[in-house]
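Reviewing the structure listed below.
Residue indices begin at 1 and follow the sequence shown.
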Amino acid sequence: MTLPNLGLVVPPGDGRAYYLGSDLYVFKAIGAETGEAYALCEVTVEPQSGTPFHRHSREDEAFYVQVGELQFQLEDQTVVATAGTFLYSPKGQAHQFTNQTATAAKLLIWVTPAGFERFIAEVGQTVAPVQVGATLSPADVDNILVTASRYGIEILPPPTP
């Protein structure tokens, strides 16, 4: 919900929601509401799921783990991030996060400037109302690979140990 000249209020459970595979991205703020300054989303990462190794040419990303544990790869550094951990990935840095546990994890992602939300809206599956559970088909993967470059995102091969 947008409040003209007063800011933005998004109650719990609300936001623009999309599945990217089995992971749920719920945008609490998008560029159209922030003067394109930033986008903020809450992501639920299912067990054995996460992002591919990639880099952004346009946006910086900040991550705050709220629940659970995620493994982050920032270039050649591996970090196991538990609830309360904050990480920052500047544009151009190759990175990924994965949930290698048996329970879902939740994190906030703050992207500056905005624009990433349009990529997720284009490649994700719209969810209304917000709910849990989806899968990533081979066609979804192909769509992500084709669409990413239009948003300045480069999908990379997994990092080697």
request  = Begin from the C-alpha positions of Q71 and T78 and carry the test side-chain contact (heavy atoms from CB on, under 4.5 Å) through to its verdict.
outcome  = CA-CA 7 Å; Q71 182 172 302; T78 301; 3.7 Å; yes

query = In Å and rounded to the nearest 0.5 Å, what is the OH to CZ distance from Y18 to F119?
reply = 13.0 Å

ask   = Just how far is it from atom CZ of F97 to atom OG of S89, taken to the nearest 0.5 Å?
value = 11.0 Å

message = side-chain contact (heavy atoms from CB on, under 4.5 Å), that's the test. Do V43 and K106 meet it? Break it down for me.
response = CA-CA 6 Å; V43 182; K106 190 177 284 192; over 6 Å; no

note = Output for pair (L70 CG, T51 OG1), nearest 0.5 Å, gives 9.5 Å

Over all atoms of both residues, closest heavy-atom pair of A29 and T34 = CB-CG2, 4.1 Å

request  = Indicate the atoms forming the closest heavy-atom contact of T82 with V65, along with that distance.
outcome  = O-CB, 3.6 Å

ask   = Is a side-chain donor or acceptor of D23 paired with a backbone partner of E46 at a separation under 3.5 angstrom?
value = yes

request  = Check step by step if side-chain contact (heavy atoms from CB on, under 4.5 Å) holds for S49 and N99.
outcome  = CA-CA 5 Å; S49 189; N99 180 352; 5.5 Å; no

ask   = How far apart are the C-alpha atoms of F53 and H95, what are their side-chain angles, what is the distance that settles it, and do they pass the ring pair (Phe, Tyr, Trp, His ring centres under 6.0 Å) test?
value = CA-CA 5 Å; F53 199 50; H95 63 282; 7.9 Å; no

Between F63 and F72, ring centroids under 6.0 Å = yes

inquiry  = Would you say that H56 contacts F116 through its side chain, given a criterion of any heavy-atom pair below 4.5 Å between the two side chains?
reply    = yes

request  = Answer with yes or no whether the hydrophobic clustering places V111 together with L74; edges join I, L, V, M, F, W, Y residues whose side-chain heavy atoms lie under 4.5 Å apart.
outcome  = yes

query = Within a radius of less than 6.0 Å around OH of Y38, do more than 12 heavy atoms belonging to other residues, nucleotides or ligands occur?
reply = no

ask   = Can any side-chain N or O of E117 pair as donor or acceptor with the backbone N or O of G31 at less than 3.5 Å?
value = yes

message = Between Q48 (side chain only) and T101 (backbone N and O only), is there a donor and an acceptor less than 3.5 Å apart?
response = yes

request  = Mark yes or no for whether Q73, through its side chain, and E75, through its backbone, hold a donor-acceptor pair below 3.5 Å.
outcome  = yes

message = Within this structure, what is the CG-CD distance for the pair L87 and Q77, rounded to the nearest 0.5 Å?
response = 8.5 Å

task = Enter the distance from Q96:CD to H54:NE2 here, rounded to the nearest 0.5 Å.
result = 9.0 Å

ask   = Looking only at heavy atoms, which two atoms of A17 and L24 are closest? And how far apart?
value = CB-CD1, 4.2 Å

request  = Please report the shortest heavy-atom distance between V26 and G15, naming the atom on each side.
outcome  = CG1-CA, 3.8 Å

query = What are the two closest heavy atoms between E59 and G115, and how far apart are they?
reply = OE2-C, 4.2 Å

key: Pair I109-L40, side-chain contact (heavy atoms from CB on, under 4.5 Å): steps then yes or no   = CA-CA 6 Å; I109 302 177; L40 178 70; over 6 Å; no

ask   = Distance-only, no hydrogens or angles: does the D60 side chain make a donor-acceptor pair with backbone N or O of K91 under 3.5 Å?
value = yes

message = Nearest 0.5 Å, please: how far is OG1 in T126 from CZ in R16?
response = 11.5 Å

remark   = Tightest non-hydrogen contact, residues G92 and R55, listed as O-NE, 3.3 Å

query = Using 4.0 Å as the upper bound for N to carboxylate O, is an ion pair formed by E33 and K28?
reply = no

message = Under a 4.0 Å threshold between the charged nitrogen and the carboxylate oxygen, would E36 count as salt-bridged to R118?
response = yes

inquiry  = Let me check something: do W110 and L108 share a hydrophobic cluster, defined by ILVMFWY side-chain heavy atoms less than 4.5 Å apart, either directly or through other members?
reply    = yes

inquiry  = Tell me every residue that passes side-chain hydrogen bond (donor to acceptor under 3.5 Å, both in side chains) with Y64, counting only those two or more places apart in sequence or in another chain.
reply    = none

